[in-house]
Amino acid sequence: MPELPEVEVSRLGISPHLTGQQITQVIVRDRRLRWPVPASLETVAGATIEGVERRAKYLIISTTKGYLIVHLGMSGALRVVPADSLVVKHDHIDLVLGSGLCLRFNDPRRFGCWLFSATHPSADHPLLRELGPEPLTDAFTLDYLFNASRGRQQAIKTFIMDNHVVVGVGNIYANESLFKAGIHPKRAAGKVSKARYQRLVPIIKETLARAIEQGGTTLQDFTQADGQPGYFKQELMVYGRGGKACMQCKSTLKEIRLGQRSTVYCPQCQR
DNA sequence: AATGACCCCTGCTGGC
DNA sequence: TGCCAGCAGGGGTCAT
């Protein structure tokens, strides 16, 4: 679920309910997340929320008493619900708000995290300080990506999924973007021509941006008890379609593993 | 420095 | 129907 678009959609969905609200209570039901939830998390009780930002797939909740760093991992979800809503399995954390609502975190696999930072984490926190540029900003350019790729033997797919290179390109969008750009996922990043990066960079931006727009469906369902949308499934050209026909040339799509992740491509369209 | 393997965890699917 | 292997949208850490 949480690709960059989903995280951004979550941010847009929760931000209006959080900003300006006082945190009346912090409820931690299970501390066993990616890292143990620190006791310092509870110190934001009584603080007022100033805003919610996103950096890569991290959400940063700014409060008058410090910053919360939230990651959804593979299966995490954030919802704004009435504070007395029935707690279900895997509801690990609540931020109870003065409005009577609460921000509720559910995460079956517990790969997500909730951490506290006294200072703004984007520049100095170990998890955030080494991150590459945001793909949807002007910092992510053809020249940047091309220069970063020179000398790299690594497969281009793992290269564009590397958060040091560019953040937020998850497995789905790496597959889809390389297909649209006509680039074979195993090709060495350093051997892809500048002309092909010139195609790839805007394709990554467009693919992510459109998915955020589609995430609007999730946004509408946001306060409902459960919304399990499959809204970009119908747009996927290769992801999850191994063995099926290429939508462009009808060749059989190949599925391989690259960096422990399923990788699907068209051997005809992608070189 | 760069690269790849491994692991964290639960839930779902597909094969037998 | 039940059981089990394999896989899942992330990413930090460690060994090479």
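In what follows, chains carry the letters A, B, and so on, assigned in the order in which the sequence lines appear, proteins first and then strands, with residues in each chain numbered from 1.
- For the pair A:R34 CZ and C:dT13 P, the interatomic distance rounds to 7 Å; values are reported in whole Å.
- At least one side-chain nitrogen or oxygen of A:S262 sits closer than 4.0 Å to the OP1 or OP2 atom of C:dA8.
- Remark: B:dA5 base-pairs with C:dT13; criterion is Watson-Crick or G-U wobble with both hydrogen-bond distances under 3.5 Å.
- Taking atom CD of A:E3 as the reference point, atom C1' of C:dG11 lies 13 Å away to the nearest angstrom.
- With A:Q270 contributing its side chain and A:C266 its backbone, the two residues share a donor-acceptor pair below 3.5 Å.
- The interatomic distance linking A:M161 (CE) with C:dG12 (C1') rounds to 14 Å, in whole Å.
- Counting non-hydrogen atoms under 4.0 angstrom, A:Y173 reaches nothing in the nucleic acid.
- Heavy atoms of A:Y58 sit under 4.0 angstrom from primed sugar atoms or phosphate atoms, though from no base atom.
- The aromatic rings of A:Y197 and A:F159 sit perpendicular, their planes meeting at an angle over 60°, well past the 30° parallel limit.
- The separation of C:dG12 from B:dG11, taken at their P atoms, amounts to 24 Å, rounded to a whole angstrom.
- Note: CG (A:L72) to P (C:dA8) measures 20 Å, nearest angstrom.
- Side-chain atoms of A:N171 lie closest to C:dG9 of the nucleotides B:dC8, C:dG9, C:dG12.
- Using a 4.0 Å heavy-atom criterion, one finds that A:D107 contacts no nucleic acid atom at all.
- For the residue pair A:N171/A:K157, the side-chain donor-acceptor check at 3.5 Å is satisfied.
- Rounded to whole angstrom, the span from the CG atom of A:L33 across to the P atom of C:dG12 amounts to 15 Å.
- Checking C:dG9, B:dA2, C:dG10 against every side-chain atom of A:R261, the shortest atom distance belongs to C:dG10.
- The side chain of A:R152 contributes an N or O atom lying less than 4.0 Å from OP1 or OP2 of B:dT3.
- Closest approach to the A:K57 side chain among C:dA8, C:dG11, B:dG4 is made by C:dG11 (side chain taken as heavy atoms from C-beta onward).
- With rounding to whole Å, A:Q153 atom CD is found 13 Å from B:dA1 atom C1'.
- One can place CG of A:L131 at 14 Å from P of C:dG10, the figure rounded to the nearest angstrom.
- Between the side chains of A:T119 and A:D124, at least one donor N or O sits under 3.5 Å from an acceptor N or O.
- Closest approach to the A:H71 side chain among C:dG11, B:dT10, C:dG9 is made by C:dG11 (side chain taken as heavy atoms from C-beta onward).
- Note on A:L127: only backbone sugar-phosphate atoms sit closer than 4.0 angstrom, heavy atoms only; bases stay farther off.
- When each of C:dG9, C:dG12, B:dG11 is scored by its nearest atom to the side-chain atoms of A:H90, the top-ranked nucleotide is B:dG11.
- Distance from the side chain of A:W35 is smallest to C:dG12 among B:dG11, C:dG11, C:dG12.
- Toward the 5' end of DNA chain B, the nearer of the two residues A:K89 and A:G259, judged by each one's closest nucleotide, is A:G259.
- The same atom, P, is picked in C:dG6 and in B:dC6; the two are 14 Å apart, to the nearest Å.
- Closest approach to the A:Q154 side chain among C:dG9, B:dG4, B:dC9 is made by B:dG4 (side chain taken as heavy atoms from C-beta onward).
- A:I160 places its CD1 atom 17 Å from the C1' atom of B:dT3, with the value rounded to the nearest Å.
- You'll find that the side chain of A:F111 is closest to C:dG10, out of B:dT3, C:dA8, C:dG10.
- Of the side-chain N and O atoms in A:R110, none sit less than 4.0 angstrom from OP1 or OP2 of B:dC7.
- In this structure, of B:dG4, B:dA5, B:dC9, it is B:dA5 that holds the atom nearest to the side chain of A:Q260.
- For the pair A:D91 (side chain) and A:V88 (backbone), a donor-acceptor distance under 3.5 Å is present.
- Salt-bridge check for A:E134 with A:R54: passed, with a basic side-chain N closer than 4.0 Å to an acidic carboxylate O.
- A side-chain donor-acceptor contact under 3.5 Å links A:E53 and A:H120.
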